[in-house]
Amino acid sequence: MSPGSAPLDLTRWSSSQAPPSPPRHIPSQQLYPASQPTTPAGKYETGSRNLPNRGRGASSRTGFRDVNGRGDLKPIINDHPSGRRADPNSLGRYLSPLKCLTIALPQTYALCNHAFRYESSDNPRRVLTKPSKPVHNNGVDNEDWDYILYVNDVLGGEHGGDRYLILDVLGQGTFGQVVKCQNMRTHDICAVKVVKNKPAYHNQSKMEVAILDLLNQQYDPNDSHHILRMLESFTHKSHLCLVFECLSSNLYELIKQNQFKGLSTQLVKVFTQQLLDCLTVLKEARLIHCDLKPENILLKSLQSPQIKVIDFGSACHEMQTVYTYVQSRFYRCPEVLLGLHYNTAIDMWSLGCIVVELFLGLPLFPGTSEYNQISRIVDMLGNPPTHILENGKQTHEFFNYNGLDAHGRKQYRLKPMEQYASEHRTNEQPSKQYFKQTKLKDIIMEYPFSKKNPKQSDIDKEMANRRAFVDFVEGLINMDPLQRWTPAQAAKHPYITGEKFTGHFEVSIDTSLPSPHPLCPSEQYFSLPICLLFLGHC
Ligand SMILES: Nc1ncnc2c1ncn2[C@@H]1O[C@H](COP(=O)(O)OP(=O)(O)OP(=O)(O)O)[C@@H](O)[C@H]1O
């Protein structure tokens with residue numbers, strides 16, 4: 001530096017003053033509009049303030065300047081970062097190659113070809129529905145009568161209601177698709193179930209709307225009983241759409257993430273308490289969920305073990321058990337398998353299967369067929385009580401009648417697999433065993449510890465927890481629905497309350513009778529559709 005010359009003060013260069021220079025790979029006449037001078041005014045002015053900003057990477061020499069006003073010329077370095085193109089929207093800023101080829105791709109194209117024009121309407125729409133080929137309903141439905149959903153399409157607003165921007169897919173079920181959406185008015189994120197455009201699904205889903213409305217408004221107005229919230233429903237291009245609060249992963253995914261190793265008795269307890277709370281409310285409303293399983297229990301978020309029960313699409317009132325074929329097979333109870341009348345007790349059987357699965361990481365009765373399901377249950381728990389077998393419409397499908405016993409009671413024995421298979425022309429396979437033990441108590445008590453080298457005090461505590469857990473589960477998977485514990489009874493078990501478990505828990509009689517619905521004239525003749533008429537849902 002010459003004596004008397006001012007030091008370079010790079011900090012006083014603002015990026016907006018930095019002159020853009022053409023990148024090596026794009027001709028400068030393409031980079032700058034014809035009206036814009038290739039060399040911005042002042043680019044080669046002398047004086048430290050006007051020195052171009054120095055960026056990272058190689059610099060290119062673009063001229064000389066008088067460094068001291070006395071004609072001492074020094075080369076001017078144009079500090080254009082290597083491999084970067086000037087941002088045409090922000091003078092003095094540069095775009096990285098990554099940006100040029102991603103978010104600034106339309107500009108990059110426009111630079112290369114002046115005729116290029118970008119229109120967002122030309123974007124290929126990301127389809128979320130499979131198959132996506134238009135078949136029905138003027139081309140908006142596929143061959144399965146599912147509405148073909150695209151990211152950034154809008155649902156709703158047909159009758160002036162809220163509109164929902166489709167963001168992503170959340171799940172798929174028998175009834176339709178569930179997508180993550182954003183309410184375009186409130187900006188809230190929600191889940192929208194878009195039901196198949198078929199009368200059977202449409203009508204059944206209207207029942208789901210009615211049941212959730214009833215539960216949300218009448219039985220759980222404060223949203224404190226772990227029941228999914230339905231925000232509204234509307235029709236979009238003949239598809240019934242149900243708008244729900246948006247939840248997180250389901251419990252099956254949680255088990256899977258845990259590599260099917262099972263959850264601690266403590267965490268299982270936290271989930272069970274919430275499920276019992278939900279089932280208590282359902283029993284009060286005399287509603288049967290009919291499809292309780294880990295996939296239909298969702299975490300509210302990944303931050304805490306708060307859960308919600310979803311999918312009331314198979315739910316019904318106790319007086320309206322029109323379908324004989326309910327519940328997912330692994331969680332199906334003996335009275336349903338054998339074709340008896342059923343009530344809210346069937347959800348308690350499912351709950352028993354679920355809590356064991358949460359603890360073990362594997363389903364308790366993973367039946368591969370109806371026969372395999374019942375044979376797994378019988379293998380573990382023995383025959384169902386005689387009165388159940390006597391009254392089951394399907395008993396003769398699975399059991400042989402073996403005459404009367406010494407007390408004059410009918411005796412039944414499960415058909416051998418080969419007999420059942422030949423009678424029903426099915427390909428039954430022997431049950432694959434996942435545990436070497438066959439009895440529930442042994443499976444649970446001998447299940448390996450998750451902790452390596454636990455202290456004796458930890459072992460004692462865990463074994464005490466497990467003893468309470470076994471006793472609790474046995475009350476739920478009682479073959480006799482009349483003896484099976486109700487949610488209120490189960491909620492009093494020491495495993496749930498945290499009291500010391502001192503031996504088999506004797507339940508007291510459940511006096512919590514369902515209260516008559518406020519809008520129904522007679523509890524005796526209560527039926528859901530009548531009730532819904534009062535609520536204006538039919
Ligand atoms: N509120 C929600 N928030 C987040 N994901 C959801 C929500 N509701 C449903 N899902 C996802 O969508 C999937 C299908 O939903 P749902 O069980 O209600 O549909 P379905 O057609 O009734 O299914 P199924 O075949 O079990 O009857 C769920 O397993 C879940 O993964």
Side-chain angles (χ1 to χ4, degrees), residues 128-130 141-142 144-147 149 155 164-183 188-213 215-216 220 223 225-234 239-257 274-275 278 282 287-304 306-316 323 325-332 336 346-347 350 353-354 357 363:
L128 298 174
T129 307
K130 278 185 195 154
D141 292 0
N142 68 11
D144 303 326
W145 298 90
D146 266 319
Y147 184 66
L149 295 156
L155 293 170
Y164 296 88
L165 185 71
I166 300 171
L167 303 179
D168 209 344
V169 72
L170 286 170
Q172 176 97 35
T174 324
F175 287 78
Q177 312 158 82
V178 181
V179 274
K180 184 173 179 176
C181 290
Q182 183 170 35
N183 181 318
D188 289 340
I189 298 295
C190 56
V192 180
K193 188 190 244 188
V194 186
V195 177
K196 281 179 200 280
N197 181 12
K198 285 284 255 182
Y201 295 112
H202 188 93
N203 293 337
Q204 186 63 33
S205 299
K206 269 167 76 179
M207 194 59 113
E208 180 173 11
V209 171
I211 286 177
L212 273 173
D213 226 1
L215 286 170
N216 286 175
D220 187 17
D223 189 13
H225 297 293
H226 311 282
I227 298 167
L228 173 70
R229 294 314 271 189
M230 187 186 64
L231 308 174
E232 68 155 321
S233 65
F234 58 85
H239 288 265
L240 184 59
C241 297
L242 283 62
V243 184
F244 303 130
E245 62 178 319
C246 191
L247 303 169
S248 185
S249 302
N250 66 51
L251 291 194
Y252 173 73
E253 285 159 356
L254 189 74
I255 297 172
K256 194 163 137 191
Q257 269 170 26
Q274 299 173 64
L275 292 169
C278 167
L282 289 192
L287 293 173
I288 318 172
H289 184 280
C290 290
D291 197 16
L292 210 57
K293 56 182 176 182
E295 290 88 333
N296 284 339
I297 303 165
L298 268 55
L299 289 168
K300 281 175 81 173
S301 78
L302 295 177
Q303 271 70 53
S304 77
Q306 290 287 310
I307 50 170
K308 288 253 178 160
V309 173
I310 68 156
D311 192 3
F312 289 78
S314 311
C316 64
Y323 301 107
Y325 189 74
V326 291
Q327 301 186 296
S328 295
R329 194 189 310 121
F330 295 179
Y331 311 94
R332 195 173 295 153
V336 169
I346 70 169
D347 288 337
S350 303
C353 299
I354 293 166
E357 181 168 343

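Count residues from 1 along the sequence. In listed order, ligands and their atoms are each counted from 1.
Residue Lys293 approaches ligand 1 through these ligand atoms, each under 4.0 Å from one of its heavy atoms: 26 (O). Ligand 1 places these atoms under 4.0 Å from at least one heavy atom of Leu228: 1 (N). Ligand 1 places these atoms under 4.0 Å from at least one heavy atom of Asn296: 17 (O). Ligand 1 places these atoms under 4.0 Å from at least one heavy atom of Glu295: 29 (O). Of all atoms in ligand 1, numbered sequentially from 1 with element shown, those under 4.0 Å from a heavy atom of Gly176 are 21 (O). Taking every non-hydrogen atom of Phe244 and a distance limit under 4.0 Å, the qualifying atoms of ligand 1 come out as 1 (N). For ligand 1 and Ile310, the ligand atoms under 4.0 Å from any heavy atom of the residue are 8 (N), 9 (C), 28 (C).
Ring geometry, Tyr164 versus Phe234: the interplanar angle falls under 30°, so the pair is classed parallel (tilted spans 30 to 60°).
Between Lys193 and ligand 1, at least one pair of N/O atoms sits closer than 3.5 Å. Considering backbone and side-chain atoms alike, Ser248 places every N or O at 3.5 Å or more from each N or O of ligand 1. Among the atoms of Ala191, none of the N or O lies under 3.5 angstrom from an N or O of ligand 1. Annotation: Glu245 places an N or O atom under 3.5 Å from an N or O atom of ligand 1; distance criterion only.
Within the set Leu242, Val194, Leu247, Leu298, the minimum heavy-atom distance to atom 6 (C) of ligand 1 is found for Leu298.
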>> As a quick check of understanding, evaluate side-chain contact (heavy atoms from CB on, under 4.5 Å) for Asn296 and Val309, giving each step before the final call.
In response: CA-CA 6 Å; Asn296 284 339; Val309 173; 5.6 Å; no

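The two atoms that bring Leu292 and Ser350 nearest to each other are O-CB, 3.7 Å, heavy atoms only. In terms of heavy atoms, Arg229 sits closest to Glu245 at N-OE2, 2.9 Å. For the residue pair Asp146 and Gln172, the shortest heavy atom distance occurs at OD2-NE2, 3.7 Å. Closest non-hydrogen pair, Gln327 versus Ile346, comes out as NE2-O, 3.0 Å. The minimum heavy-atom distance linking His239 with Lys196 is given by the pair ND1-C, 3.9 Å. When every heavy atom of Ser314 is checked against every heavy atom of Cys290, the shortest pair comes out as O-CB, 3.4 Å.
Neither the backbone nor the side chain of Gln177 comes within 4.0 Å of ligand 1, counting heavy atoms alone.
Nearest protein heavy-atom contact of atom 26 (O) of ligand 1 is Asp311 OD2, 3.1 Å. Regarding atom 15 (O) of ligand 1, its nearest protein heavy-atom neighbour is Val178 CG2, 3.5 Å. Here the protein heavy atom with the shortest distance to atom 21 (O) of ligand 1 is Phe175 N, 2.8 Å. The protein non-hydrogen atom at the shortest distance from atom 31 (O) of ligand 1 is Leu170 O, 3.8 Å.
Around atom OH of Tyr201, no more than 12 heavy atoms belonging to other residues, nucleotides or ligands sit under 6.0 Å away.
Under a 3.5 Å cut-off, the side chain of His226 and the backbone N or O of Ile307 do form a donor-acceptor pair.
Ion pair Lys198/Asp141 not flagged as a salt bridge, since none of the NZ, NE, NH1 or NH2 atoms sits closer than 4.0 Å to an Asp/Glu carboxylate oxygen.
Between Gly171 and ligand 1 there is a heavy-atom distance shorter than 4.0 Å.
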